[in-house]
Amino acid sequence: MPSPRASQALSRFTVLDLTRVRSGPTCVRQLADWGANVIKIDALLEDGGGEQPGGPRQGSDFQNLHRNKRAMTLNLKDPKGLDVFKRLAGQADVVVENFRPDVKAKLGIDYESLRQINPRLVYGSISGFGQDGPYHKRPGFDQIAQGMGGLMSITGAPGEGPMRVGIPVADLTAGLFCALGILTALLERDVSGEGQWVQTSLLQAQIFMLDFQASRWLMEKDVANQAGNNHPTSIPTGVFKTSDGYINIATTGGRIWERCAQAIGAPELITNPDYATAPARSKNRDALNAAIGKLTEKKSTETWVKELNEAGVPCGPIYSIDQMFEDAQVKHLGIAQHVPNDENRHIQLVGQPVSLSRTPSTMAARPPEFGEQTEEVLTEFGFAKDEIAELRRRKVV
């Protein structure tokens with residue numbers, strides 16, 4: 001088994017990782033970071049070459065997605081390769097894939113096929129639009145899901161057209177939800193003794209992430225529109241210019257609004273009928289924001305952040321990514337973590353945002369090179385040396 005593990009929390013589980021690009025690797029990263037024995041299956045072609053979608057293997061993106069895993073090569077298009085995979089699946093706890101829904105069935109490694117080999121197997125699937133239905137064969141892509149999932153219609157400034165979010169939020173959340181589903185299925189297996197098929201999609205994840213904006217339509221038939229940097233319902237909340245940059249100010253409820261007006265030196269705004277109630281502030285948001293902005297421009301970002309927080313008004317600077325990692329609180333939280341490696345390479349990645357008191361997650365192993373632990377993994381699964389040599393000769397591994 002790999003040593004050391006990233007955590008002891010999931011150390012009893014073995015995961016076969018068939019995923020590529022982002023949503024699937026995001027899911028499996030959660031399991032690896034909490035100590036599961038994750039084996040990344042690197043696709044080996046008939047000619048012995050390999051597929052490496054998702055950017056350069058030693059690039060920052062790949063490194064961040066695939067730490068704390070091991071890797072082996074396997075040609076799943078070779079019948080012998082499929083036999084090897086099924087032998088692995090017979091002993092594994094979890095398989096995760098994000099192929100198009102029809103691909104795994106053609107290969108014969110779909111859930112129903114593997115369930116016959118291992119009834120305790122938990123099988124995680126991520127697709128663009130679902131495992132069935134009118135769009136199920138369409139390839140999934142984050143920005144497509146952002147658009148179809150409603151997010152781009154509420155992102156950006158009014159009148160400037162739809163705007164994508166600056167991270168692949170549909171990919172990332174689909175991966176996180178799949179990991180949550182897998183963990184739920186593993187807990188249920190402790191009771192029933194049986195595995196099950198966990199399914200999610202980029203489209204479902206994106207719709208779920210609309211949260212209160214979606215419920216506004218479902219419950220009240222209120223279609224949310226773009227609001228730029230304004231909060232859609234709590235005014236004033238948004239971006240305000242300072243003498244040397246920008247800040248976010250957030251007010252929720254009348255008491256915080258009153259503290260905000262006092263702190264910026266404009267108590268008269270509290271009694272102004274245009275701003276006296278939440279509906280009035282929402283109706284006159286542009287004028288109110290302009291009035292606040294004239295005042296915030298007179299002091300620095302650092303001054304306003306200090307004074308407003310001391311007054312009990314949520315306020316924070318707006319950082320570039322490099323500035324964010326230099327923030328004192330970010331450093332204190334230790335979310336930027338170095339990954340140990342024998343090659344003395346600089347590998348610093350984003351750690352888990354959740355802490356456990358007894359079984360914390362650590363950066364235990366750098367991402368594996370292409371098929372780096374093939375022989376090691378096969379040996380652990382009971383393959384003899386002559387079997388492994390024959391698989392190599394036939395370019396199955």
Is the backbone N or O of Lys241 less than 3.5 Å from a side-chain atom of Thr296, with the two atoms forming a donor-acceptor pair by type? yes
Give the cluster check for Leu295 versus Ile249: same hydrophobic cluster or not, with ILVMFWY residues linked at side-chain heavy-atom distances below 4.5 Å. yes
Donor-acceptor under 3.5 Å (Arg189 side chain, Arg120 main chain): yes
Do Gln226 side-chain atoms and Thr155 backbone N/O form a donor-acceptor pair below 3.5 Å? yes
Any salt bridge between Lys298 and Glu307, counting N to O under 4.0 Å? no
Any heavy-atom pair between the side chains of Ile247 and Val305 that's under 4.5 Å? yes
Once rounded to the nearest 0.5 Å, what's the spacing between atom CZ of Arg138 and atom OG of Ser127? 12.5 Å
Do side-chain atoms of Ser282 reach the backbone of Ala278 as a donor and acceptor pair under 3.5 angstrom? no
NZ (Lys294) with more than 12 external heavy atoms under 6.0 Å: no
If you draw a 6.0 Å radius around NZ in Lys385, do more than 12 non-hydrogen atoms from other residues or ligands fall strictly inside? no
Would you tell me whether Gln63 and Arg345 have side-chain atoms, one donor and one acceptor, within less than 3.5 Å of each other? yes
Assess Lys306 against Trp304: is NZ or CZ under 6.0 Å from the centre of the six-membered ring, and within 45 degrees of the ring's axis? no
Is Phe13 close to Val122 at the side-chain level, that is, under 4.5 Å between some pair of heavy atoms? no
ILVMFWY network linking Ile117 to Leu76, side-chain heavy atoms under 4.5 angstrom: yes
Determine whether more than 12 heavy atoms belonging to other residues, nucleotides or ligands lie under 6.0 Å from atom CZ of Arg100. no
If we ignore angles and hydrogens, is there a donor and acceptor under 3.5 Å between the side chains of Thr301 and Asp244? yes
Atom CD of Glu302 with >12 non-hydrogen neighbours under 6.0 angstrom: no
For residues Gln213 and Arg216, is any side-chain donor paired with an opposing acceptor at under 3.5 Å? yes
I'd like to know whether CZ of Phe383 has more than 12 heavy-atom contacts from other residues, nucleotides or ligands below 6.0 angstrom. yes
Hey, any chance Leu31 and Met363 share a hydrophobic cluster, counting ILVMFWY side chains that come within less than 4.5 Å of each other, even indirectly? no
Whether Phe212 and His231 hold their rings parallel, tilted or perpendicular, with breakpoints at 30° and 60°: parallel
Do side-chain atoms of Gln91 reach the backbone of Phe381 as a donor and acceptor pair under 3.5 angstrom? yes
Just by distance, do the side chain of Asn64 and the backbone of Ser60 share a donor-acceptor pair under 3.5 Å? no
Side chains of Lys104 and Gln131: donor-acceptor distance under 3.5 Å anywhere? yes
Heavy-atom distance under 4.5 Å between the side chains of Ile144 and Leu203, does that happen here? no
Is it the case that more than 12 heavy atoms not belonging to Met209 sit under 6.0 Å from its CE atom? no
When you measure from the side chain of Arg281 to the backbone N and O of Ile235, does any donor-acceptor pair fall under 3.5 Å? yes
Regarding Arg22 and Asp142, does a basic nitrogen lie under 4.0 Å from an acidic carboxylate oxygen? no
Any side-chain heavy-atom pair from Leu151 and Val165 closer than 4.5 angstrom? yes
Are Val350 and Tyr319 linked, directly or through other ILVMFWY residues, by side chains that come within less than 4.5 angstrom of each other? yes
Check whether any side-chain N or O of Thr200 sits under 3.5 Å from a backbone N or O of Cys178 as a donor-acceptor pair, and report yes or no. no
How far apart are the closest heavy atoms of Val397 and Ile388, and which atoms are they? CG2-O, 4.5 Å
Any side-chain heavy-atom pair of Asp274 and Leu288 under 4.5 Å: no
Rounded distance (nearest 0.5 Å) linking atom OH of Tyr111 with atom CD of Glu97: 13.0 Å
To the nearest 0.5 Å, atom CG of Asp93 lies from atom CG of Leu16 at 9.0 Å
According to a hydrophobic-cluster definition based on side-chain heavy atoms being under 4.5 Å apart (Ile, Leu, Val, Met, Phe, Trp, Tyr only), do Val377 and Leu82 belong together? yes
Is the shortest distance from a Lys or Arg side-chain nitrogen in Arg70 or Glu372 to a carboxylate oxygen in the other one below 4.0 Å? no
Grab the two heavy atoms, one from Gly140 and one from Phe129, that are nearest each other, plus how far apart they are. CA-CE1, 4.4 Å
With heavy-atom distances below 4.5 Å as the criterion, would you say the side chains of Glu194 and Pro119 are in contact? no
Could you tell me if the side chain of Thr374 sits less than 4.5 Å from the side chain of Arg392, heavy atoms only? yes
Within the side chain of Ser23, is there an N or O that forms a donor-acceptor pair under 3.5 Å with the backbone of Asp171? no
Minimum side-chain heavy-atom gap Val38-Asn68 below 4.5 Å: no
Any chance you could measure Phe325, atom CZ, to Ser320, atom OG, to the nearest 0.5 Å? 11.0 Å
Residue pair Gly108 / Ser113: nearest heavy atoms and the distance that separates them: O-CB, 3.5 Å
Asp42 side chain to Phe370 backbone, donor-acceptor under 3.5 Å: no
Just by distance, no angles: are the side chains of Thr252 and Ser234 close enough, under 3.5 Å, to form a donor-acceptor pair? no
So CZ of Arg164 and CE of Met152: to nearest 0.5 Å the spacing works out to 8.0 Å
Rounded distance [0.5 Å steps], CZ in Arg5 versus CZ in Arg12: 11.5 Å
